[in-house]
Amino acid sequence: MPQSSPMSVSLPVVTRFAPSPTGYLHIGGARTALFSYLYAKRHVGKYLLRIEDTDLERSSEDAVKAIFEGLDWLGLPSDVEPVFQTQRFDRYKAVIEQMLEAGTAYHCYCSKEELDAMRAAQMARKEKPRYDGRWRPEPGKILPERPEGVRPVVRFRNPQEGEVLVDDLIKGPISFQNTELDDLIIARGDGTPTYNFCVVVDDWDMGISHVIRGDDHVNNTPRQINILKALGAEPPAYAHVPMILGADGVKLSKRHGAVGVIEYRALGFLPEALLNYLVRLGWSHGDQELFSHAEMLEMFDITKVQKAPARFDMEKAIWVNHQYLKTADPLHVAPEFDWHLRRVGVDPANGPALAAVIEQQRERCKTLVEMAEKSKFFFAELDGYNEKDAAKHLTADGAALLDELRAQLEALPEWTAPALHEAVNGFAEGKGLGLGKVAQPIRVAIAGMAISPPIDQTLLLLGRERTLARLAAAVSYVRNKS
RNA sequence: GCUCCUAUCGUCUAGAGGCCUAGGACGGAGCCCUCUCAAGGCUUAAACCCGGGUUCGAAUCCCGGUAGGAGCGCCA
């Protein structure tokens, strides 16, 4: 039995998503967060959030906000208050003191220049650049003389023998020789702790059972395990998820277009759809493409995540979005649609009920941007006709038809779907014309373009007043033209 | 350079030695349906990186190439 049954996991499962606030929430980060969330929920555990803001230079309040905004939009909130590393400096300091006392860490007085020179020399010799341990205390070893006025860094005393075995949930067993690892800095000259150290202390303190993170961290893992062991802590399980590449197979970056999660909102995605695309990127459950939230929770299995990086395919993401648009409750979609209508400068209150519009448009719109664009005419006056469509359908003949039809519609006792259907179809039949010959001029007249939901539905949604006015306007448009 | 990781249609993937004549999905092509745009239905092209083993049998296991990626900071 794999780890599929929640019951088979004995320890309480606690996962975390730990972004550093140096920018927006990246699409790759979002997927990592999703995997962490699903894994925790799946095993009746907790999913926590930690903000890794120890780099005061690069971290910003805005970035923290942007990350929360992205997570919020996706619906992946933390189970408890997020932890900020900057608020834990006292704790880190205490642990460092403790390690110094225990001899698992030591002071190093090398200057940055000295270190740079060391690295350069090693590179020149085609060696892996690493600290040579010149300040590492050993029994009987005589340390260099302490230079004046240098504030020492603290280094972790990494074991020099043996190997570290990481049994990665995704990648499988990976082993590292301790001889490959050097004594990394855990506290800077100014006393502030560094990343690898903070992660270790936090994961330990937060009781993290499963570290799910980007696979750019695999090489950090043995170091972190060694520190954990030096602290007497039990290392968690690890799952390193491969990154997401752009369509060209190169690491996703700004030049690929949207990389920030929140940009997908602007692109017209539903958060559930983006989540669905993301969960299927690098993971699968047989041939299934669409997963409800409940299904994700039930079926997601971290051990079945692909080992190789995956490319982000916008076409497929849009297809998934369309599937959601087509099947979601229109009332649920309405608020997002409202947001998009406002974005294109339209007042959503000045027209038919949003849910009704959604219901009619969703089959032909893959994104909410498209839907807003194609639905503008329901909420705002036309700002002209599509040139090609007008040339084709708003002809003298067309105008004559529209004029006549307008009179008939005006006389309709009730503005309902069956009545409208009957009116338009009957009109076309009476003229001995195919429905298209009549419907297309109407479309251009009332929607400004030759694209709209079924003509009776369009008329219904647009309403009597607007329909009659636009029909009349189209007729005079044609007559004035000639 | 060193360490670590990876490799199935264009893309996301199924595949745990015989069920593979390699399946599904997106995208592509074609046909049908049709008041527009779509949606839908049907059909179709398209892949196991290369080379050695192991085995009666390998996309699946092993080794070696090759190609890609990640890491090697007083960044995270």
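Residue numbering restarts at 1 for every chain, and letters A, B, ... go by the order of the sequence lines. Worth knowing before you read on, the calculation uses all heavy atoms, side chains too, and leaves out hydrogens, waters and symmetry mates.
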Please determine, for [N], whether a Watson-Crick or G-U wobble partner exists with both distances under 3.5 Å, and give it or none.
| N | value |
| --- | --- |
| B:U6 | B:A67 |
| B:C72 | B:G1 |
| B:A47 | none |
| B:C42 | B:G30 |
| B:U11 | B:A25 |
| B:U60 | none |
| B:U54 | none |

How many whole angstroms separate atom [atom1] of [X] from atom [atom2] of [N]?
| X | N | atom1 | atom2 | value |
| --- | --- | --- | --- | --- |
| A:Ile170 | B:G69 | CD1 | C1' | 16 Å |
| A:Asn276 | B:A25 | CG | C1' | 12 Å |
| A:His240 | B:G69 | NE2 | C1' | 15 Å |
| A:Ile185 | B:A76 | CD1 | P | 11 Å |
| A:Tyr106 | B:C74 | OH | P | 12 Å |
| A:Glu113 | B:G73 | CD | C1' | 14 Å |
| A:Tyr238 | B:C4 | OH | P | 19 Å |
| A:Ile244 | B:U11 | CD1 | C1' | 14 Å |

For a quick check of understanding: with a heavy-atom distance under 4.0 Å over all strands, which category does [X] fall into, base, sugar-phosphate or nothing?
| X | value |
| --- | --- |
| A:Glu52 | sugar-phosphate |
| A:Met243 | sugar-phosphate |
| A:Cys198 | nothing |
| A:Lys112 | base |
| A:Arg58 | base |
| A:Thr192 | nothing |

Expressed in whole Å, how much space separates the [atom1] atoms belonging to [N] and [M]?
| N | M | atom1 | answer |
| --- | --- | --- | --- |
| B:C37 | B:A46 | P | 31 Å |
| B:C19 | B:G23 | P | 12 Å |
| B:G10 | B:G53 | P | 29 Å |
| B:A38 | B:U43 | P | 23 Å |
| B:U8 | B:G69 | P | 15 Å |
| B:C12 | B:G17 | P | 25 Å |
| B:G15 | B:C48 | C1' | 10 Å |
| B:G68 | B:A25 | P | 33 Å |

[X] with [Y]: basic N within carboxylate O range, under 4.0 Å:
| X | Y | answer |
| --- | --- | --- |
| A:Glu289 | A:Lys316 | yes |
| A:Asp203 | A:Arg213 | no |
| A:Lys307 | A:Asp215 | no |
| A:Arg58 | A:Asp55 | yes |

inquiry  = Can you confirm whether the side chains of A:Asn226 and A:Asn178 place a donor and an acceptor under 3.5 Å from each other?
reply    = yes
For [X], all residues meeting side-chain contact (heavy atoms from CB on, under 4.5 Å), sequence neighbours excluded:
| X | value |
| --- | --- |
| A:Ser60 | A:Asp62, A:Ala63 |
| A:Leu354 | A:Ala334, A:Phe337, A:Asp338, A:Leu341, A:Pro348, A:Phe379 |
| A:Glu373 | A:Val344, A:Lys376 |
| A:Arg311 | A:Leu245 |

For A:Arg146, the salt bridge (charged side-chain N to carboxylate O under 4.0 Å, His left out) test, sequence neighbours excluded, returns none
Salt bridge (charged side-chain N to carboxylate O under 4.0 Å, His left out) filter on A:Arg466, not counting sequence neighbours, yields A:Glu381
Ordered by number, residues from residues 215-225 of chain A within less than 4.0 Å of RNA chain B (heavy atoms) are A:Asp215, A:Asp216, A:His217, A:Asn219, A:Asn220
Assert: residue with more 5' nearest nucleotide on RNA chain B, out of A:Asp182 and A:Thr22, is A:Asp182
With sugar-phosphate taken as primed atoms, P, OP1 and OP2 and all else as base, the protein-contact string of nucleotides 12-17 of chain B at under 4.0 Å (heavy atoms; B, S, -) is BSSS--
A correct 5'-to-3' footprint of nucleotides 32-46 of chain B, with B, S and - meaning base, sugar-phosphate only and no protein heavy atom under 4.0 Å, is ---BBBBSS------
Side chain to side chain donor-acceptor pair (under 3.5 Å) filter on A:Arg157, not counting sequence neighbours, yields A:Glu138
Self-check item: side-chain N/O A:Arg130 vs B:G71 OP1/OP2, d < 4.0 Å
Solution: no
For B:A76 and A:Thr54 - does any side-chain N or O of the residue sit under 4.0 Å from the phosphate oxygens OP1/OP2?
yes
Note to self: Has A:Thr367 got a side-chain atom pairing as donor or acceptor with A:Gly268's backbone, closer than 3.5 angstrom?
What the structure shows: no
Atom pairs and distances, donor-acceptor, side-chain atoms in residues 434-456 of chain A, under 3.5 Å, two or more places apart:
| unit_1 | atom_1 | unit_2 | atom_2 | d |
| --- | --- | --- | --- | --- |
| A:Gln440 | OE1 | A:Arg443 | NH1 | 2.8 |
| A:Arg443 | NE | A:Ser452 | OG | 2.8 |
| A:Arg443 | NH2 | A:Pro453 | O | 3.0 |
| A:Ser452 | OG | A:Thr458 | OG1 | 3.1 |
| A:Asp456 | OD2 | A:His421 | ND1 | 2.9 |

Residues pairing under ring pair (Phe, Tyr, Trp, His ring centres under 6.0 Å) where one sits in residues 267-292 of chain A, two or more places apart or in two chains, turn out to be A:Tyr264-A:Phe269, A:Tyr277-A:Phe312, A:Trp283-A:Phe291, A:Trp283-A:Phe300
